[in-house]
Amino acid sequence: GERFKAQRNRIEAQLQAFGGPGDFQTTLHEVLQKYQALPLFDVGYEQVFDIRDVTQSNDDGFTIYDIEDGLTFSKVPIGQPAKIYSMSGAKIDVGYDLYGAGLGWHRTMIEDRKFWQLENNAKTFINRANYTKAASFYALIEAVGDGNANQRVTWQAHPDGVASGTSGYLAGRDAATLNAAALKIFTDVKDKGYSVSFNTPLKVVCPFALVGRLNNALKLVLQGFDGSPNQVAYTFQLVPTLLLSTASYYHVCLPKNKLVGGNRMDLTIFDEFKPETYSDVAYGWMRFGGAVADQQQIVRCAIA
């Protein structure tokens with residue numbers, strides 16, 4: 001019936017999108033480009049770092065001046081954690097590391113019309129590239145609290161001395177902790193020329209597991225009546241992510257300024273046919289760099 005014809009036409013359209021074995025080279029590239037054009041799965045770090053598009057430049061890195069207890073990362077092999085290095089001095093050069101990976105496609109996958117498997121492989125390939133990049137920047141944020149005790153804020157006492165187990169106990173302590181982190185950041189950077197004010201938004205990079213809890217803290221009011229001001233005194237914006245290594249902490253960040261990064265080359269895909277294995281291989285390459293040039297822009301906050 002009409003329902004069957006519609007379904008058949010939809011399947012034929014999908015098959016035609018991949019073409020036949022004769023134009024596999026074009027199809028391979030098109031499949032990968034299709035998913036490369038989709039929104040990235042996690043770009044929250046771009047709200048924290050000042051990411052510059054330098055794809056048209058001829059530079060092999062960028063320079064940051066007046067470094068204070070800074071951090072940068074190096075190339076991250078697939079499946080391995082980011083390596084974080086300390087830096088200090090009047091200036092530092094941050095290089096653009098080259099990241100790459102390959103993906104093989106046996107031609108029989110096209111000949112046998114296994115287009116769902118092809119699409120899944122393409123998504124995995126693109127997502128892995130984006131994961132590597134995002135994980136590198138989140139690792140920089142975590143490294144501040146891991147290595148610098150001065151950039152940690154303990155779980156603050158409830159401002160009204162509410163006892164454990166009482167409604168609002170967790171939210172009250174979390175609100176006090178957020179306030180303490182904000183005050184520390186603003187106090188530490190007040191003479192650095194960052195042009196901050198009481199209303200400057202701070203980014204709260206947190207694991208998914210803490211989103212509900214932190215939202216409760218941000219909505220907590222001083223008094224139980226409409227129009228009462230919030231317990232938190234500053235402006236906070238949550239940046240949830242699954243790419244932090246632990247759900248035991250979250251991070252309050254003064255964004256941009258000396259939290260910097262550069263995209264030297266966006267993910268670029270090349271492909272070739274391997275007659276000895278009757279397969280085609282796609283190679284993806286990208287270049288980027290990033291650094292925390294002022295650790296006082298990031299505070300790690302405890303939840304217990």
Any donor and acceptor pair, going by atom type alone, linking the side chain of Asn148 with main-chain N or O of Asp146 inside 3.5 Å?
-> no

Output yes when Asp188 and Lys190 qualify as a salt bridge under the 4.0 Å nitrogen-oxygen rule, no when they do not.
-> no

Indicate the atoms forming the closest heavy-atom contact of Ala247 with Pro207, along with that distance.
-> CA-CG, 3.6 Å

So, the side chain of Arg213 versus the backbone of Ile303: is there a donor-acceptor pair under 3.5 Å, distance only?
-> yes

State, with a plain yes or no, whether a side-chain heavy atom of Leu267 is found less than 4.5 Å away from one of Ile126.
-> yes

Backbone N or O of Phe49 within a donor-acceptor pair of the Lys256 side chain at under 3.5 Å?
-> yes

So do Asn216 and Asp174 actually touch side chain to side chain, heavy atoms under 4.5 Å?
-> no

Enter the distance from Cys301:SG to Arg152:CZ here, rounded to the nearest 0.5 Å.
-> 12.5 Å

What is the distance from atom CG of Asn263 to atom CG of Asp53, rounded to the nearest 0.5 Å?
-> 6.5 Å

Hey, could you give me the SG/CD1 distance between Cys253 and Ile185, rounded to the nearest 0.5 Å?
-> 7.0 Å

Joint hydrophobic cluster, Val48 plus Tyr234, side-chain heavy atoms closer than 4.5 Å = no

Can a donor-acceptor pair be found between the side chains of Thr154 and Gln156 at a distance below 3.5 Å?
-> yes

Would you check if there is a donor-acceptor pair between the side chains of Ser197 and Asn199 at a distance under 3.5 Å?
-> no

Contact check, side chains of Ile51 and Val260, non-hydrogen atoms, under 4.5 Å | no

Is the charged tip of Arg287 near the ring of Tyr96: under 6.0 Å from the six-membered ring centre and within 45° of its axis?
-> no

Between Phe288 and Asp266, is a side chain to side chain contact (heavy atoms under 4.5 Å, CB included) present by the stated rule, with each step listed?
-> CA-CA 8 Å; Phe288 62 89; Asp266 292 328; over 6 Å; no

Any side-chain donor paired with an acceptor under 3.5 Å for Glu272 and Tyr283?
-> yes

Please answer whether the main-chain N or O of Ala233 pairs with a side-chain N or O of Asn179 as donor and acceptor at a distance below 3.5 Å.
-> yes

Do side-chain atoms of Arg264 reach the backbone of Ser57 as a donor and acceptor pair under 3.5 angstrom?
-> yes

Gap between atom CZ of Phe137 and atom OG1 of Thr132 - 0.5 Å precision | 12.5 Å

Mark yes or no for whether Asp294, through its side chain, and Gln296, through its backbone, hold a donor-acceptor pair below 3.5 Å.
-> yes

Does the ring of Tyr99 carry Lys133 above it, NZ/CZ under 6.0 angstrom from centre and within 45° of its axis?
-> no

Report yes or no: do Phe236 and Leu210 belong to one cluster of Ile/Leu/Val/Met/Phe/Trp/Tyr joined by side chain heavy-atom distances under 4.5 Å?
-> yes

Is the shortest heavy-atom distance from the side chain of Asp271 to the side chain of Val281 under 4.5 Å?
-> no

If you group Ile, Leu, Val, Met, Phe, Trp and Tyr by side-chain heavy-atom gaps below 4.5 Å, do Leu259 and Val239 land in one group?
-> yes

Test item: Glu142 and Leu244 side chains (from C-beta on) under 4.5 Å apart, heavy atoms | yes

Nearest atoms (heavy-atom pairs only) where Val211 meets Pro240 | CG2-CB, 3.7 Å

Is it possible for you to say whether Tyr249 and Val144 belong to one hydrophobic cluster, with membership spreading through side-chain heavy-atom contacts below 4.5 Å?
-> no

Neighbour count >12 (heavy atoms, 6.0 Å) for atom CD, Gln56 | no

Take Val232 and Leu220 through the side chain to side chain contact (heavy atoms under 4.5 Å, CB included) test and state the conclusion after the steps.
-> CA-CA 8 Å; Val232 292; Leu220 187 65; over 6 Å; no

Of the options His251, Lys203, Gln297, which is the one that meets Ile141 in a side chain to side chain contact (heavy atoms under 4.5 Å, CB included)?
-> His251

Can Ile298 and Val252 be said to form a side chain to side chain contact (heavy atoms under 4.5 Å, CB included), step by step?
-> CA-CA 6 Å; Ile298 298 175; Val252 176; over 6 Å; no

Leu243 versus Tyr45: any side-chain heavy-atom pair under 4.5 Å?
-> no

Distance (rounded to the nearest 0.5 Å) between Ser279 OG and Phe273 CZ | 7.0 Å

Checking side chain to side chain contact (heavy atoms under 4.5 Å, CB included) for the pair Leu254/Val196: CA distance, chi angles, key distance, verdict?
-> CA-CA 9 Å; Leu254 174 65; Val196 297; 3.8 Å; yes

For the student: nearest non-hydrogen atoms of Thr177 and Arg173, plus distance = OG1-O, 2.8 Å

Kindly give the cluster partners of Phe208, where membership spreads through any ILVMFWY side chain lying under 4.5 Å from a current member.
-> Leu242

With distance as the sole test, does Arg300 use its side chain to make a donor-acceptor pair with the main-chain N or O of Val153 at under 3.5 Å?
-> no

Expected output: side-chain Asn215 to main-chain Ala217 donor-acceptor under 3.5 Å = no

Please name the pair of heavy atoms, one in Pro159 and one in Ala176, separated by the smallest distance, quoted to 0.1 Å.
-> CD-CB, 4.1 Å

Determine whether Leu202 and Tyr250 fall in the same hydrophobic cluster, where Ile, Leu, Val, Met, Phe, Trp and Tyr are linked whenever their side-chain heavy atoms lie under 4.5 Å apart.
-> yes

Is the closest side-chain heavy-atom distance between Phe186 and Phe198 below 4.5 Å?
-> no

Supply the atom-to-atom distance Thr187 OG1 to Lys184 NZ, rounded to the nearest 0.5 angstrom.
-> 8.5 Å

So with a 6.0 Å cut-off around OH of Tyr131, is the heavy-atom count from everything else above 12?
-> no

